[in-house]
Amino acid sequence: MNNKSEIDQKLKLKILEAYIFAAKDPVDLSSLKFIESDETKLNELVNNLQNKFSDYGINLVKIKNSIAFRTSEEVSGLINIKQEILKPLSRAASETLAIIAYHQPITRTQIENIRGVSLSRGTLDQLFEIGWIKPGRKLRTPGRPMTWLTTIKFLDHFGLSDLSDLPGIDELKKSGLLQHESVLFSDPKDEIEE
Amino acid sequence: MNNKSEIDQKLKLKILEAYIFAAKDPVDLSSLKFIESDETKLNELVNNLQNKFSDYGINLVKIKNSIAFRTSEEVSGLINIKQEILKPLSRAASETLAIIAYHQPITRTQIENIRGVSLSRGTLDQLFEIGWIKPGRKLRTPGRPMTWLTTIKFLDHFGLSDLSDLPGIDELKKSGLLQHESVLFSDPKDEIEE
Amino acid sequence: MEKEIEKGLLTFNLSLDGFDGPIDMLLNLVREQKIDITKIQILPLAEQYLLYLKKAIKEDIDLAAEYLVIGAVLTHIKSKLLLPKDEQSEEDPEILSELLKFQILKLEKFQKLTKSLFSRPQLGKNFYSRGIQTILKKNIKYKYEINLYKLTSVYAEIQSNKENTKLTIAHSNLYTVEQALVNLKKHVSNIKEWESLLLFIPRGIKGYLEYKSVFSSYFVASLELIKEGRIKIKQDFKNNNNLQIIKNN
């Protein structure tokens, strides 16, 4: 093998590497002809890549006629410990959190009044468990209802340094977040701005 | 270094590799304490990994305090991958993004002053939704106007490891053009800076 | 870029569509002067701008106020620059010109920066992130995801829904014309002398609104019977303008 083809090989290996990495699904070998049209050579290339990553935290695995990078089994168990799965917060919980953030201290009943629907049991519990809300003082009204506040963890999560940094309603309107305004009653001035 | 700790190092490197690889978004260094609690040693580990992949088809890139694997620029042009591509931004949105990037923190009114035209409703909203900008602190001026900042996702998208990597930023700073001054659209509220 | 600008000016055609605001238009006029952008000459610039504006106004009376504001400022600067310097005047056209130049330069700078920012390699276009989403099975700990955008937009939605709450009209016991007609028809053949319409209204009506609705319905019902030629109606001006009906023979 001469020097030229060695460089060529190295570049092909890099392209293969990047291509498999960026692909959304396991890559079918037949779709790799653009890198190496000769089938034997392509297989050689894939084997080289597989060997290269054999003792890595990520391995190249063959799945039928496709290949993909996967985290190695050796370390997967060690990562899993800390693995967190992101789950979107439910609509009810998001709304409740937003209302607490903007209206705190606020009681459960007041939240229900704003949302116009009763809160299911788990909603406040869930927000409490995540650590975004905490109980505040009780109101001095009959029944002494408990109020809810947001926590420092809440500020942390949203990258806010202070509650007053929450965007205000006017600002939300200006930035276009209040899109659900009724067409019938919109201010004609706003139409022009569009 | 004895044999034991060498093996230990190697395993840590593998875990780091697998962990960063598995994450789609840049990984904050602070979330890697489970691999190595000592900050200096962690940085060393990250540097080792970066060196290991420096001549690969995928590279480890630093984005502020985060790290991520990205395809190397050397081969990126040679592969053609269908990933989600953002619709091209409107001229107003592009200019607004650039103004925020170079001028941050900056208020809506200040952006309007520079462009000499009022921002339409959806512009900031669109950038916020893509995740390239986020609200910053409010100015301590009357009306407490909200400011906007760029995010890590913005840096990641444009392949910047830091805001100081923005093209032409040094020259801009020296040019004196970063003052907020406007003859025509000035809003006295915003003129006084924090 | 230069070509685009020239094209923009050619298609200008009394429309300001191609420009993103008046400063943008001024900047394009400066570029047209083909001189060093740092040596902007306000006077010829003002003349060109006003010329365009004048043509545009003829075409489109609804010119954006911002274009007119700059037009006014330029007219002002122009007149001040042309007149002999008034030592008494507090307004210095030089300062206004400088500020305007500053703004034009600043926009020029940021348009250039926008270009260089977007000519950088971009994620998903020029370089790539990992394509396959990894799913790790063991020891899953859920982390709830919501960002500030979501939080604020959810709240904004609640607030805007509140602002646009539906109006519901309370149910009320109103008396229909059909009911009045049925009742009135029962009595028609017996009204042989002028009788007050009020006499036929059912007893026990409570409430002002209900009473008004009953009375209106009876009045409309009586008009219907007149139309059918079954009764006659008159208003007794001596007796509280009382409405009286009688069977039509």
Side-chain angles (χ1 to χ4, degrees), chain B residues 18 21-25 58-59 61 68-73 76-77 79 81 83-86 88-89 91-92 94-99 101-103 112-118 125 128-129 131 134-135 153 156-160 166-169 172 175-179 181-185, chain C residues 18-27 38 64-67 69-70 72-74 77 95-136 147-150 152-153 156:
Chain B
F21 174 81
K24 197 178 183 206
D25 293 315
I58 41 180
N59 299 150
V61 295
F69 278 119
R70 297 289 179 249
T71 59
S72 84
E73 284 191 30
S76 290
I79 57 176
I81 297 266
Q83 282 200 347
E84 267 177 68
I85 292 182
L86 284 165
L89 281 184
R91 186 175 153 193
S94 312
E95 282 183 21
T96 302
L97 181 65
I99 291 169
Y102 286 89
H103 231 308
E112 289 175 337
N113 285 344
I114 293 169
R115 299 193 63 240
V117 64
S118 58
D125 185 39
F128 190 22
E129 192 170 13
K134 64 179 183 194
K153 205 170 169 189
D156 189 22
H157 182 87
F158 290 96
L160 301 159
L166 279 169
I169 184 110
L172 181 71
S175 71
L177 285 170
L178 283 176
Q179 297 164 52
E181 247 180 282
S182 163
V183 227
L184 306 149
F185 302 94
Chain C
F19 298 100
D20 209 8
I23 298 286
D24 189 41
M25 183 180 160
L26 274 173
L27 179 56
T38 55
E66 283 150 356
Y67 283 91
V69 171
I70 297 251
V73 169
L74 283 169
I77 294 175
I95 290 175
L96 265 180
S97 307
E98 283 309 311
L99 282 172
L100 198 58
K101 278 184 200 171
F102 179 77
Q103 259 196 283
I104 294 169
L105 279 174
K106 195 163 173 174
L107 183 64
E108 152 88 4
K109 185 72 195 171
F110 276 101
Q111 286 186 354
K112 278 190 177 160
L113 289 173
T114 304
K115 260 187 83 186
S116 50
L117 180 64
F118 279 88
S119 60
R120 284 189 64 84
Q122 289 177 47
L123 182 67
K125 195 171 144 198
N126 310 99
F127 61 98
Y128 304 93
S129 64
R130 167 145 166 76
I132 302 170
Q133 284 285 34
T134 342
I135 298 158
L136 297 163
N147 58 22
L148 192 57
Y149 173 77
K150 187 84 178 68
T152 51
S153 52

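Predicted model, so just to flag it, every value in this text is computed and none were measured.
- Chosen from B:Leu97, B:Leu166, B:Ile79, the residue pairing most often with chain C at heavy-atom distances under 4.5 Å is B:Ile79.
- Contacts between B:Ala92 and chain C at a heavy-atom distance below 4.5 Å involve backbone atoms as well as side-chain atoms.
- C:Ile23 approaches B:Arg115 most closely through the heavy-atom pair CB-O, 4.2 Å.
- Here the CD1-NZ distance, from B:Ile99 to C:Lys106, works out to 8.5 Å after rounding to the nearest 0.5 Å.
- Judged purely by atom type and a 3.5 angstrom limit, C:Arg120 uses its side chain to pair as donor or acceptor with the backbone of B:Gly159.
- Atom CD of C:Gln122 sits about 12.5 Å away from atom OG of B:Ser76, to the nearest 0.5 Å.
- In terms of heavy atoms, C:Tyr149 sits closest to B:Asp125 at CE1-OD1, 3.2 Å.
- The backbone N or O of C:Tyr128 lies less than 3.5 Å from a partner atom in the side chain of B:Thr71, making a donor-acceptor pair.
- With values rounded to the nearest 0.5 angstrom, C:Asp24 atom CG is found 6.5 Å from B:Glu95 atom CD.
- Under the 30°/60° scheme for interplanar angles, the aromatic rings of B:Tyr102 and C:Phe110 are found to stand perpendicular.
- The two atoms that bring C:Leu148 and B:Phe128 nearest to each other are C-CZ, 4.0 Å, heavy atoms only.
- B:Gly116 approaches C:Pro22 most closely through the heavy-atom pair O-CD, 3.5 Å.
- Between B:Leu89 and C:Phe118 the shortest side-chain heavy-atom distance falls below 4.5 Å.
- Between C:Leu107 and B:Ile114, the closest heavy-atom pair is CD1-O, 3.7 Å.
- Across all non-hydrogen atoms, the minimal contact from B:Asn113 to C:Gln103 is O-NE2, 2.8 Å.
- Counting heavy-atom pairs closer than 4.5 Å to chain B, the top-ranked of the candidates C:Asn147, C:Leu117, C:Leu105, C:Leu27 is C:Leu117.
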